[in-house]
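Written out below as structure tokens is the structure these notes cover.
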Number of protein chains: 2
Amino acid sequence: MQQDFLNELAELALGSRLKRMSERMLASTSDVYQEFSMNINPKWFTLMALLDVKDSNKQVLTIVEASNLLGLSQPALSQFSKQLQNEKLIKIVIDQSDSRKRVLSLTPKGRVRVQEMKPIWDAVQQAAVDLCTEHNNDFYRSLLKLEKSFSSESLLTRTRRYLDQTAIQAQVMIKPFEPALAHHFETINKEWIDDMFVLETIDKQVLEDPQSHIINQGGKIWFAEHPTLGIVGTCAFWNKGDNSFELTKMGVLKSARGLKVGEILLQHVLDEAKSLGIKKLFLLTNAKCESAIHLYEKNGFIHDNTIMQDYGQNYARCNVAMLYTGLITDVTMPLPKQ
Amino acid sequence: MQQDFLNELAELALGSRLKRMSERMLASTSDVYQEFSMNINPKWFTLMALLDVKDSNKQVLTIVEASNLLGLSQPALSQFSKQLQNEKLIKIVIDQSDSRKRVLSLTPKGRVRVQEMKPIWDAVQQAAVDLCTEHNNDFYRSLLKLEKSFSSESLLTRTRRYLDQTAIQAQVMIKPFEPALAHHFETINKEWIDDMFVLETIDKQVLEDPQSHIINQGGKIWFAEHPTLGIVGTCAFWNKGDNSFELTKMGVLKSARGLKVGEILLQHVLDEAKSLGIKKLFLLTNAKCESAIHLYEKNGFIHDNTIMQDYGQNYARCNVAMLYTGLITDVTMPLPKQ
DNA sequence: ACTTATTATATAAGTGGTTATGTAAAATGC
DNA sequence: GCATTTTACATAACCACTTATATAATAAGT
């Protein structure tokens, strides 16, 4: 037996490695079914187990529901259900209130089969725990963490951070508001607000009609356009009267992370603030948004409690207020430290 | 977005979970290549990387070698090579000294492509490390441990331990030596000796011809036959003269672990020892063989240093000697504690 | 009310492998 | 030295899904 080249590639080959491991694992469980001559296809396992749970809770299950719960495609579940129906292990009936839906449920034969399999499932479960915890390991927990990390940010956007993207960044264009781009204002901001907080009513109104809520009130909106990804970022100045503005609704699509779009966008709008002769520019945010706050700090914003007192009530989620110090204004304003 | 039912199944769905994770991972790396418009199929990655290493070490690579090093099937590598040849990234030539072999190597174009990809590989590597270590995790190491655990014993044989197999165990038959079964004596013992130690010359001779080395010398050999798996275990008595025997070459195939074949076999041969009127039965082994020693202890063997002094020199690997206490013999022999 | 968009499903085609099998060359056994 | 076994590879068939697409039913927008 030769060596394993994937070891040399280390984390770089993580995907291939996981694939290989999952194939071995699934082959092994398939062996288990075969050894105990369960006339069952291992790929049906998750669906059977899910139907069993639904069955004992007297709930029903449709194909799309199953595909969401199991993380498989809808055609996959469509196929599995048909196969299980052919084996007379489940029955598929058309939903009464919505004739598009197919309601899946175990047949009596299916229920018996599930009961026969349960001791085997238990044994596999114990054997898997064995495998996961051997050599002082805790593989299962480690995998859960990886899943969490992966869903919080994919490998693609993480990769961007480690690549020199200067050339592409130079091609990111900042565009002023135009009605045709208004929908991007909504989708981009919804993505991150939904992700971190709950959309407040005031948000919804502004996002759905930025024209009347921001532009027509003397505010400004900009968009960041990436050469291949399209509009990926946005940001607004909300007119608070007396030549004061709130920097708000600044967001960059998840799919464009790692490209420093936020930085380019912020630097652009701060330059605009200067050339527009704005007197006061501030923002409200939440301590949760660490990386955003770091970006603001890096670009001349300082924490300021008087702002919090004056405007902080507008949003439930705000507990951080910041003031921009890069404007040429009266000398009572503090200047950023060099 | 609905919940994830795989969470409810916990370790039981480990295979499906790994599969899902590997698919996401590979899709993400595929996105990376696409974003940086590398005209390359992600599935070729491991082969390209391997060819690059071989190239810079001025070594060559054949298809079977590649499939071993990468843990993929030979047809897979056969296909990949053809595809890479069509892309003019590698060239395939017939080996001069063995015309069955195909020698793979990078073309100049292939070398250029690899160099173009290297910065991306580096970035992906760093991003993957990121992913693996986030939230105080160490996923990569945990996966390596799992691979080790899995290759030391598969899920199937681990599962057996947690299932009630009384019925099947009752069907395990113990058969005496017959020439037609002699090859099992070699394969079964070779498996575990190769795995734990190095085959000594004395082993080889005995294993290759048990008839003349054991049977014709007044010794005994038995085989354990499983109803579906066939001959899975063996064990011998080596005649040391003066009605004394060494229990030796006891082994059970890896693929039959967890079925308690060893226990059934040992109990059978100890019964035979009694009915044959044997005066002294001992064995030599190594402290590494913990589970075997535990089995011997459970069945009436005790540790005995005089045996070690008398016979221990025969094998380099022996550092544990045990004596069977279940024989009806003179009263100077110690009896097992109840 | 009438178009328009969305949702649930089925079907077809594609993908990235696998196992099974065939063929020729080389190695081994006697 | 010749038959037998093993090895290297190619090809075919299969597998467990996937994506893409079509169709019908329902919901939403005006």
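In the text below, chain A, chain B and the rest are named by the order of the sequence lines, each starting its count at 1.
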B:Gln211 versus B:Asn216, side-chain donor and acceptor atoms under 3.5 Å: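 Yes, B:Gln211 and B:Asn216 have a side-chain donor paired with an acceptor closer than 3.5 Å.
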Polar contact flag, side-chain donor to acceptor under 3.5 angstrom, A:Asp31-A:Ser28: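 There is no such pair (donor and acceptor under 3.5 Å, judged by atom type) between the side chains of A:Asp31 and A:Ser28.
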Any B:Lys19 side-chain N or O less than 4.0 Å from OP1/OP2 of D:dA16: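 No.
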Under 4.0 angstrom between B:Ser78 side-chain N/O and D:dC9 OP1 or OP2: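 For D:dC9, neither OP1 nor OP2 has a side-chain N or O of B:Ser78 closer than 4.0 Å.
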Separation of [N] [atom2] from [X] [atom1] (nearest whole Å):
X	N	atom1	atom2	value
B:Ile40	C:dG16	CD1	P	13 Å
B:Gln34	D:dT19	CD	C1'	13 Å
B:Leu26	C:dT15	CG	P	16 Å
A:Lys43	C:dT18	NZ	C1'	14 Å
A:Phe80	D:dA16	CZ	P	8 Å
A:Asp95	C:dA10	CG	P	13 Å

Relative orientation of the end axes in the helix from C:dA1-D:dT30 to C:dC30-D:dG1, expressed as an angle to the nearest 10° (five pairs per end):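 One end's axis against the other's: 20°.
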Touch class at under 4.0 angstrom, heavy-atom based, for B:Leu77 against every strand present: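 B:Leu77: no heavy atom of the nucleic acid under 4.0 Å.
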Touch class at under 4.0 angstrom, heavy-atom based, for B:Ser30 against every strand present: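 Since no nucleic acid heavy atom lies under 4.0 Å of B:Ser30, the category is nothing.
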Ionic contact status for B:Glu153 with B:Lys254, cut-off 4.0 Å: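 No, no charged N to carboxylate O under 4.0 Å.
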Side-chain-base donor-acceptor pair under 3.5 Å for [X] and [N]:
X	N	answer
B:Arg100	D:dT7	yes
A:Gln79	C:dA10	no
B:Gln74	D:dA8	no
A:Arg102	C:dT9	no

DNA chain C: 5'-proximal contact among A:Val103 and B:Ser99 (nearest heavy atom):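 Its nucleotide being nearer the 5' end, the pick is A:Val103.
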B:Lys88 atom NZ, over 12 foreign heavy atoms within 6.0 Å: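 Atom NZ in B:Lys88 is not packed in, count stays at 12 or less.
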Parallel, tilted or perpendicular: ring planes of B:Phe223 versus B:Phe185, cut at 30 and 60 degrees: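 Rings of B:Phe223 and B:Phe185: perpendicular, over 60°.
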Any A:Leu9 side-chain heavy atom under 4.5 Å of B:Phe45 side chain: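 Yes; the side chains approach each other to less than 4.5 Å.
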Side chain to side chain contact (heavy atoms under 4.5 Å, CB included) partner of A:Val60, chosen from A:Leu51, A:Val103, A:Val93, A:Leu104: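 For A:Val60, the side chain to side chain contact (heavy atoms under 4.5 Å, CB included) test succeeds with only one of A:Leu51, A:Val103, A:Val93, A:Leu104, which is A:Val103.
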